[in-house]
Amino acid sequence: MAAAESDREVPSALCTEFLNFSAKDTALKWIQVTDLYKEVYQHLARYVPKIYCLGPNLNPQSEDLLAQLLLQAPLEWYLCGEDPSTGLAKLEQNNQPSQLCGHVFRVGEPTYSCRECAADPTCVLCMQCFLGSVHKEHRYRMTTSGGGGFCDCGDTEAWKKGPYCQKHEPNISDSCQEDPLAHLSTDMIARCYNVFAIVLKYAVDMLTWDKEDELPPGLEPPDRGDTYYCMLFNDEVHTYEQVIYTLQKAVNCTQKEAVSFATTVDRDGRKSVRFGDFAFCEQAKSVIVRNTSRQSKPLRVQVMHSSVVAHQCFALKALHWLGHVIGYSDALRRILCQVGLERGPEGENSSLVDTLMLCDSKMWKGARNVYHQLFMSSLLMDLKYKKLFAIQFAKARMLITEENLMTTIIRTFVDHLRHRDLQGRFQFERYTAQQAFKFRRVQSLIGDLKYILISRPTEWSDQLREKFLEGLDTFLELFKCMQGMDPVVRQVGQHIEMEPEWEAAFTLQMKLTHIISMMQEWCATDERVLIEAYKKCLTALTHCHSGFTDGEQPITLSMCGHSVDTIRYCVSQEKVSIHLPVSRLLAGLHVLLSKMEVAYRFPEQLPLSELSPPMLIEHPLRCLVLCAQVHAGMWRRNGFSLVNQIYYYHNVKCRVEMFDKDLIMLQAGASMMDPNHFLMIVLSRFELYHIFSSADCRKSYNRENTNKDVVQQNNTLIEEMLHLIMMVVGERFEAGVGQVEGCDEIKREIIHQLCIRPMAHSELVKALPENENKETGMERVIDSVASFKKPGVTGRGLYELRPECAKQFNLYFHHYSRADQSKAEEAQRKLKRQNGEDMALPPPMLPPFSPLFASLVNILQCDVLLGMLGAVLQWAVEPSGGHWSESMLQRVLHLIGMGLLEEQQQLKNSSEDHDVSFNFTLKISRPGEAPSNTASVLALLENLQNAPHLEVHKDMIRWILKMVASIKTMRELTASTYTVTASGSHGQEEMVCDKDKAERKRKAEMARLRREKIMAQMSEMQRHFINENKELFQQSLEELYASTSTSLEHSPTSSDAALVCVGPRRSRPREKRQVVTCILCQEEQEIRADSKAMVLAAFVQRSTVMSKNRKRPPHDPEHYDPLFMHPDLSFGTHTGSCGHIMHSHCWQRYFEAVQAKEQRRQQRLRVHTSYDVGNGEFLCPLCECLSNTVIPLLPGTKGSNSCEQPGLGQWLKISGQQIKAMHSAHRKLQPVGVDAVEETVEEQCPATENFRIDYTPMSPYSSTIKEMLTTFGTATYKVGLKVHPNEQDPRVPIMCWGSCAYTIQSIERLLVDEEKPLFGSLPCRQDDCLSSLARFGSACWTAASQPSVQGHYIRLVAALIPDPQVETSPCILDIDMLHLLVSVVLSYGSVHSQDSSGLSVDAVQLHFFHLITVAHMVQMLLTSGPEEVTMEQESGGAEREEEEDICTLYNTLRTHLGSSLPEVASGWHLWRCVKTGILPYLRGAALFFHHLNGIPTPPELHALCPGQWEVLCGYLSLPANLLQLYHSQKELLEPLLYGWCSHPGVRQTLQGGGVLVSFPRESNSLIDLPDDYSALINQASSFTCPKSGGDKSRAPTLCLVCGSMLCSQSYCCQTELDGEDVGACTAHTFACGAGVGIFLRVRESQVLFLSGKTKGCFYAPPYLDDYGETDQGLRRGNPLHLCHQRYRKIQKLWRQHSVTEEIGHAQEANQTLVGIDWQHL
Ligand SMILES: [Zn+2]
Ligand SMILES: [Zn+2]
Ligand SMILES: [Zn+2]
Ligand SMILES: [Zn+2]
Ligand SMILES: [Zn+2]
Ligand SMILES: [Zn+2]
Ligand SMILES: [Zn+2]
């Protein structure tokens, strides 16, 4: 309050007025007045403008408080008639909680719908209800809410089963639905009613108020000031950037303020951007309007009087208040519902609720949200009013009887589409963008229709029938407007000038598809309705085509002795339309009729007699011919719009109500016609009649026609026509057309999809039509036709066709596209070849037709078809001139096959006394009809059997001939049962003889096939093996490429002597000459110090993968001293390599070429690449791996065979002298300061005879190697510190040593995590990389200034051995010991180069190693923490010595540190701690010395076997009892121990003053993820943007490294990083991952990899559905569960520092990824 008052001064007069106000008195006064309405309005008019909107900055806190005191309190007093705190409590006691859950969804919250029990897909449950419901065991769909919906739990109409969850299960004892108002007194009810009516009216008035400067009557303020707001409104047109820019100009605000304004406008729908007098606001308005009106509609701005804004603010508050008050009592809620739905004075649709809904689009977003929320907590929580409200909202299901909603909706819809042609059909040609917008709004009406139709009635009343049919009538009106719309005419000569608009019509069609299907389903439930609907539809069709013969001359067609009358019509010359909804609805109804019992029993009752079959088929046939002609290329000049239309016509989204129905209509028509007549009309419409009708068509067809295009066209048309005939006869899987079950159709679809190739669940779903509930029905049948193959770590689960289903394959399946068909054909032939079967793909067995369609089979044996078949076969016999095609022949053979199968089926099924009238074999054996003496079809086939040019069709022809023979036998057998069996033994003998021959031939064939099969199997197995073991093969290839001879030799050279890698006793390195090949010039080169430099491509990156302290802020790059690594390893530098080796000069040339190319490319077109050349990045020329520098390859150091080496004591002395000498030498180099003069004179180095401090050693390296030493050093320095390159910086060598140590540590961790042995399991690219790093480290001092490297050395040593001349050394708790070891060993080279005493490097390395090992043990004892109470302290005796030793050491430490260290009873615990804690360090040291010195490794360390400790210690020249290191040198070490412990930092850290890391450091993992993905969605949905005050984040994104949730891809959370705006994710990566990030985008179910500001890619999430598929974008909604295997794979990528590399590969593979602004995510 205090702050608020200082913000804004309330005049003292007002203050006293407020203080004297009494809510109770006001309420009492109100109870007495007669016109309460006027009284309350006066009260509001007086106070509201005094509370709200008094200045530029609104102050919600104090406003709310005042509003509560002055406005709400009197209302509550009035309502309760007593102190509201007691009154409301009383109400609450009698409250009956609603049985409806009504939970309102937040944006992004998960919602669940049961695919088995939901009444429609809009019925959803919240997560809590879902988990407590029966549906979690059912098949369900999970989606994320767009915000604003509510949970339907408890609504019995929403669920077919299980409407209640456990929580909302109604209590059976009080199930009697009593009236909630029964508990209230009539007075109370009346008062309540009054208050609610007034307040709600007030709120509605104000929220729908559109005057800027006036208030509704009764609310005019007593005194008006010149105070206005300039209010900016949201629109869909302007971008964020435009708004921000405009605001900065118009109201003179900063960028930040403008962003904040824009964000609020976007969120709330409006925001005041200026406060002041009218002119002041008006000026801002005009600037905004002027600035935004240029491109488009100007931004909406209003200058509003402050009192208007104030009342609107309070109106929102009032709605909140209403929602709050009704929460106390179901009775109040009931009253509010009554008030809201009560019809107003204006009659229908004038209730307050109606008013709000009608003004919905005029309101700003914030207001809309508030009233929606009130609706949901009131109307939708009251069972009685929910229904009433639903009617109001046009959502009720049984509505049709109560109001004729269907008619209303369709009428409204039709009225909106004004453009019509002369026949009243829709015209979308002149359809503009503005109309398109309007059209979209109209479409939502269709959505309402869906709600009405979604659940079919189980019982029909006469009234319902009447209303439904009435609705159908209007529906047909709509269809009539669509029948024939958007007609096309073939373009000849010129290409069309403008692509005609076609999308609108198709959008309309697509939107209506489900509704049409639903209408048919309604009809199917009632025979009377169906027959009536059929009649109506027929009338409509007749009406549409009343003039269809107008202007079209009748002609007579005759062929093969048949003739028919039809009209002259050419698809290629006249108008034709794809839109025929009336015909198609009729086709649908026809099939339904056919399924009805009446069709079997009393077909005469059907309205079939009124049909004119030629009229029925005419338009669908034209449409199908149009498709054929488009395929034949005859409509090329009509452009893409037609191609698109044809595509959608067949597309799975439309075909059910388009292509499929056209086919059915053809079937229906043909079944009622003479098949010869039908075929002649088909021929005529295909414009092929003249070819087949000519008397000598077999001979002279096309011979005279030499136009190749026309020949080609005709060939295609014939193929298409034959295909159509196959479909008319063969498509019997629609229940009603054929005698099939409902699921047979879907089974067949799936079979044919899987015949193309095995498919994932989602692919199958996409290929199948969905019903209005988005169900395909696939789950019911899939297991019967396919087997599921689980996915591996990549890829997805696949369904594979069961082998026994392959025989149902139909090459001419009607839903195949041409591409599908040829793929399926190839796949099926291959399968047959593998199984050793013949290659014929005969038609499958078909189910019988339903009676209504039964006559269709006669098409196969009719004269016209046989004539056509004969003609094609004849052409094939004499294939000159190309006037036929193989596809044509293939189709003819297929048709013949269909005929034969049909006959065989009928013979099999016929009872004995029935003669089978279908006699295809007889027909094809007879010579041709028209010109006598032409060969029969059968004869032609026998002729073709041996034609050399028809090799591919041989198997099929053979199959046909075999069928003919077998049918003949069948017929003879059946005939012979009647006639006497004396058909002659002669024939039988012949048959036997033939059989023998055939048998022999068959056997020979079988043998051949078996051979082929074996061969095929062998090669298949081979390929399979290679495929299965891809990684293995790849690796071996990799090894081949990158075989440096340094790679491990697994068998040690001398097996008797134990191998030692460090110290004077170290084993001989196994190196011979080391020769490598340059990948660029292919020349071989020996690695020598004085030869040309060879380099490894390398990638250096900063890393936090091993960090134990993600809170540590990034270092200041300029001043950071990296010499000592803290044991929390918070930032490290990792070096990796693909292992590919080049000459340094070859690489330089390559890199320069890349640079030049990149420059040219950037000038020409601003293309991005996956790598940043300017930053030194390039792709490895061999493997395209992202790299940013190269490491030189160096020879190993030679072992020194010196004899006597100093012990620890002596060495400490020597070392101390050397350091002193260096100190003084360095001081000389420095500019002489005044205070330093005296000392220098005094302390001349005492013993320098063996240490030539002035000696400058020669670099042993060639000039190119020297150059490369600088290159890699500078790169590591630049990347590791994030600074500009500076080869002079003394920190360069430090960064290189650090990178060596860090990389070793990270590899050591990786080996532990992957459960791999220490040696022998790394890919050789990593071995090469480590060797090069270690050797580089020991050589890099030669490229730097010697004194500065020696300076580093001195400071490193001082951390171990106290040195008074070094001022600040870190305490040992703050040092990572492996880093120290590596740095000290690698920097020693600079000191040793001046030593001439014969001291060996090996001895020094060992002394340092032992010393640091002791220091590490001390470090661990200090941090081991209090002893855990472990009972099973088995002192096996073996380690008794160690336990005693360690107690001694520990107690020594305690004498130094006292109470800072807890007392420890036994050594067992301490020894355990030290032994496990030190192991990673020892393993790291072994890796280091092995690579540095090139010593072979003991075989025991190549496996994970027991006894590793001893072997490891031996290899490292350590005693197995590490404590001997201390005990054997106690006197020497004691002072050091004292020095370490007395460092002030130790005590401070132990007392909690610093980061205490305990050992061993566990490997970091990515965060744990929940098993069920919806848990994540739920978590993300409650996440609010941290910057915009409790607002929901749009793209909540989870950091998988640390678990932070971020508000990604949004303006609100952009921050500045190095002078650039970056999104929350990029900003987070810089702190959390040193530039590399792994995120999960929760809404998208997508993993995001980021690297730096410019690189990123998406990666498959570790969540899979039950079908083994990810759901990126969460579109399918199948439940998702965590796949641990895949998550581990992501974790591995992270742990091995491959994320950036992965991004590089992804970007190379997919260029569009490069263009994305990753930094804004
Ligand atoms: Zn719920
Ligand atoms: Zn519930
Ligand atoms: Zn269910
Ligand atoms: Zn080369
Ligand atoms: Zn490479
Ligand atoms: Zn993080
Ligand atoms: Zn945000």
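Computed over heavy atoms, backbone and side chain alike; hydrogens, waters and symmetry mates excluded. Start at 1 and go down the list; that is how both ligands and their atoms are numbered. This is a predicted model, so every value here is computed, not measured.
- Side chains of S133 and Y112: a donor-acceptor N/O pair is absent below 3.5 angstrom, by distance only.
- Vertex the Zn ion (ligand 5), arms ending at SG of C1138 and SG of C1180: the angle is 110° after rounding to 10 degrees.
- Between E1702 and K1655 there is no salt bridge, since no side-chain N of the basic residue sits under 4.0 Å from a carboxylate O of the acidic one.
- For the atom pair F150 CZ and T111 OG1, the distance stands at 12.5 Å (nearest 0.5 Å).
- Excluding water, every protein N/O/S atom under 2.8 Å from the Zn ion (ligand 2) is given here by residue and atom: C129 SG, C153 SG, C165 SG, H168 ND1.
- The atom name of the N/O/S atom in H1140 closest to the Zn ion (ligand 5) is ND1.
- Among the atoms of C1185, no N, O or S atom falls under 2.8 Å of the Zn ion (ligand 5).
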If you apply the rule salt bridge (charged side-chain N to carboxylate O under 4.0 Å, His left out), what do you find for E1314 with K1692, and how did you get there? CA-CA 9 Å; E1314 303 277 308; K1692 190 176 168 188; 3.3 Å; yes

Derivation and outcome, side-chain hydrogen bond (donor to acceptor under 3.5 Å, both in side chains), residues E1267 and Q1148: CA-CA 11 Å; E1267 200 182 331; Q1148 276 167 328; 2.8 Å; yes

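- Aromatic rings from W1718 and F1658 are positioned such that their centres are separated by under 6.0 Å.
- Checked by atom type, the side-chain pair H1697/S1103 shows a donor-acceptor distance below 3.5 Å.
- Checked by atom type, the side-chain pair S113/R141 shows no donor-acceptor distance below 3.5 Å.
- A donor-acceptor contact closer than 3.5 angstrom links the side chains of T1135 and S1299.
- Protein N/O/S atoms found under 2.8 Å from the Zn ion (ligand 4): C1078 SG, C1081 SG, H1143 ND1, C1146 SG.
- Between M1142 atom CE and M1094 atom CE the span is 9.0 Å, to the nearest 0.5 Å.
- No donor-acceptor contact under 3.5 angstrom links the side chains of Q373 and H320, judged on distance only.
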